[in-house]
Amino acid sequence: MSTQAAHPTLLIPGPIEFDDAVLNAMSHPSQSHVGAPFVNTFGETLKLLRKLFLSSDPTAQPLVVSGSGTLGWDFVAANLAEPGEDVLVLHTGYFADSFADALDTYGAVPTQLKAPIGSRPTLEKIEEALKAKNYKAITITHTDTSTGVLSDIKAISELTHRVSPNTLVVVDGVCSVGCEEIRFDDWGIDVVLTASQKAIGVPAGLCIMIMSGRAIQTFEARKCKPGSYFASFANWLPIMRNYEAKKPSYFATPSPQLIHALHTSLTQITSVPMEQRFAKHHEVSRYVKNSLAEMGLKQLASEEACQANGMTAAFLPEGVTAPELLPKLLAKGVIFAGGLHKEIATKYFRFGHMGVSVTNGELGHIEKALAALKESLEACKK
């Protein structure tokens, strides 16, 4: 059981509930960011990230920088695409629009390949798009938090390498890393960007990435300077290499407390095979989705292959609104999220099931949430 103070159970698609040990790590005493104890912890954390991403490629480089997952878009847009270069953005919801905006801000030319709400672009459409133009990169939102739609990273990466081998494969894994299968080396991915507060299970405030050797070579071959100072690989890659080698280094001050929390969480996550973690999230996801179906609820992602394992987006029943349902859930000690996709935001809600709420069944979070949802829906209909 948790030793945390009583609070409503947070089951949105991030931030999520945190393990006690992770929160305790956040209370680590103040520490020099260039002192040996912290440098050792940061170096170990970067090595643990390689295990998280299932990468043993020495030319790849993990990166941890203070900021949100959104900073990952800036890193990609500022460093890997030059002004005027084309980028193919696969659209499965709200966050593809935002990634495209970030690319456009730095001068790249994004082309969005869209699909109906609740689905994803087909491999045939992706192949057609890749053959039509020379794209510097293809960006894929692994799980779009606004819709709960899951993309098939392995298949898309294989297709891209076959059809357009010079195109970088970039994965927005903010809502997937730690709960969905990602095999960085085996699948030939060039970038995965994510954040600390979702399935990794650490308080918000860290942008986390891993870049392939090919992505780093692409950056090093740029014709013009990156469009950002803070988000420049030129400034951060030497720092990360030094930290991983356990050498003190400085560009901008990291948060020792968040790094300690990340180290604690990654130690827990990688203490079991990643396959076991993926399977547990899939098992609980199917249980949640089947339970919602028994309540008569339909998902935005109608096809099972397109359904994320770390969250579920479900349509509200006829006559029930989110402003009516969510307060009833809160009164029962459960917090879900309302809709986010601007075209249908008022028509659905989102249930996050990832991290410690899934892996530690003794907490009872999932059963508590399902019981609260059933009772709240019945109350709404009276």
Side-chain angles (χ1 to χ4, degrees), residues 69-147 149-176 187-194 209 211-212 214-215 217-219 221-224 226-228 231 233 300-301 306 340-344:
T70 305
L71 179 59
W73 295 336
D74 285 78
F75 271 117
V76 170
N79 294 280
L80 298 180
E82 300 199 47
E85 291 184 326
D86 292 295
V87 178
L88 181 61
V89 178
L90 302 189
H91 188 287
T92 53
Y94 173 91
F95 290 93
D97 292 326
S98 300
F99 204 159
D101 284 346
L103 290 160
D104 178 70
T105 297
Y106 287 92
V109 183
T111 297
Q112 293 203 53
L113 182 60
K114 298 190 175 186
I117 297 173
S119 62
R120 61 196 189 191
T122 65
L123 292 176
E124 292 75 16
K125 290 292 185 182
I126 297 170
E127 181 169 354
E128 183 180 313
L130 287 171
K131 288 179 175 178
K133 194 180 293 186
N134 180 26
Y135 288 104
K136 184 66 171 288
I138 180 172
T139 73
I140 314 148
T141 308
H142 197 181
T143 294
D144 195 292
T145 314
S146 71
T147 59
V149 170
L150 179 70
S151 292
D152 188 341
I153 302 301
K154 181 175 184 288
I156 296 169
S157 184
E158 288 175 349
L159 171 65
T160 303
H161 282 282
R162 175 174 59 83
V163 174
S164 185
N166 293 325
T167 299
L168 298 174
V169 178
V170 177
V171 176
D172 179 339
V174 170
C175 197
S176 68
W187 293 355
I189 303 170
D190 291 297
V191 178
V192 177
L193 64 95
T194 189
M209 300 180 67
M211 295 84 69
S212 70
R214 186 170 78 144
Q217 289 174 353
T218 297
F219 164 71
R222 285 182 65 92
K223 297 180 179 65
C224 62
S228 171
F233 284 165
L300 269 69
C306 297
L340 181 60
H341 195 293
K342 59 186 178 182
E343 293 182 32
I344 56 169

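Values below: every heavy atom of this structure, side chains too, minus hydrogens, waters and symmetry copies.
- Taking the side chain as every heavy atom from C-beta outward, L113 and L88 approach each other to under 4.5 Å.
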Kindly determine whether N134 and D86 satisfy side-chain contact (heavy atoms from CB on, under 4.5 Å), including the steps that lead there. CA-CA 7 Å; N134 180 26; D86 292 295; over 6 Å; no

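- Considering only heavy atoms from C-beta on, K136 comes within 4.5 Å of T218 through its side chain.
- Pairing each heavy atom of I126 with each of P121, the nearest pair is CD1-O, 3.9 Å.
- Note that CG of L90 is 4.0 Å distant from CD1 of I138, once rounded to the nearest 0.5 Å.
- In this structure, D190 and A215 approach most closely via the heavy-atom pair O-CB, 3.7 Å.
- Side chains of Y106 and D74 form a contact here, defined as non-hydrogen atoms less than 4.5 Å apart.
- At least one donor-acceptor pair under 3.5 Å links the side chain of H161 to the backbone N or O of G188.
- The neighbour count for Y94 OH, taken as heavy atoms of other residues, nucleotides or ligands under 6.0 Å away, does not exceed 12.
- To the nearest 0.5 Å, atoms CG (D144) and OG (S98) are separated by 9.0 Å.
- Note that CZ of R214 is 10.5 Å distant from CG of L80, once rounded to the nearest 0.5 Å.
- Atom-to-atom distance recorded for T147:OG1 and H91:NE2 is 9.0 Å, nearest 0.5 angstrom.
- Side-chain N or O atoms of D172 include none that pairs as donor or acceptor with a backbone N or O of T139 at under 3.5 Å.
- Side-chain contact between V169 and I140: present, with at least one pair of heavy atoms (C-beta onward) separated by less than 4.5 Å.
- Residues W73 and F95 form a side-chain contact, since some pair of their non-hydrogen atoms from C-beta on lies under 4.5 Å apart.
- Separating the CG atom in L71 from the OG atom in S228 is a distance of 8.0 Å, to the nearest 0.5 Å.
- Of all heavy-atom pairs spanning G69 and V174, the tightest one is CA-CG2, 4.2 Å.
- A distance of 11.5 Å separates CG in L300 from OG1 in T92, rounded to the nearest 0.5 Å.
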Check the pair M209 / V76 against side-chain contact (heavy atoms from CB on, under 4.5 Å), numbers first and verdict last. CA-CA 10 Å; M209 300 180 67; V76 170; 4.3 Å; yes

Criterion side-chain contact (heavy atoms from CB on, under 4.5 Å) on L130 and T160, from CA distance to verdict: CA-CA 7 Å; L130 287 171; T160 303; 3.8 Å; yes

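- Across F75 and A231, no two heavy atoms sit closer than the pair CD2-O, 3.3 Å.
- In this structure the side chain of M211 reaches within 4.5 angstrom of the side chain of F233, judged on heavy atoms.
- Q112 contributes no side-chain N or O that, together with a main-chain N or O of A100, makes up a donor-acceptor pair within less than 3.5 Å.
- Side chain of E82 to backbone of C224: a donor-acceptor contact under 3.5 angstrom is found.
- Across every non-hydrogen atom of A81 and V87, the tightest pair is CB-CG2, 4.0 Å.
- For the pair T143 (side chain) and S176 (backbone), a donor-acceptor distance under 3.5 Å is absent.
- When atom types are taken as modelled, the side chain of S157 and the backbone of W187 share a donor-acceptor pair closer than 3.5 angstrom.
- Inter-residue side-chain proximity for F99 and V170 is flagged as met; some heavy-atom pair is nearer than 4.5 Å.
- Using a distance-only test at 3.5 Å, with no hydrogens or angles considered, no donor-acceptor pair links the side chain of R120 to the main chain of A115.
- Side-chain contact between H142 and I156: absent, with no pair of heavy atoms (C-beta onward) separated by less than 4.5 Å.
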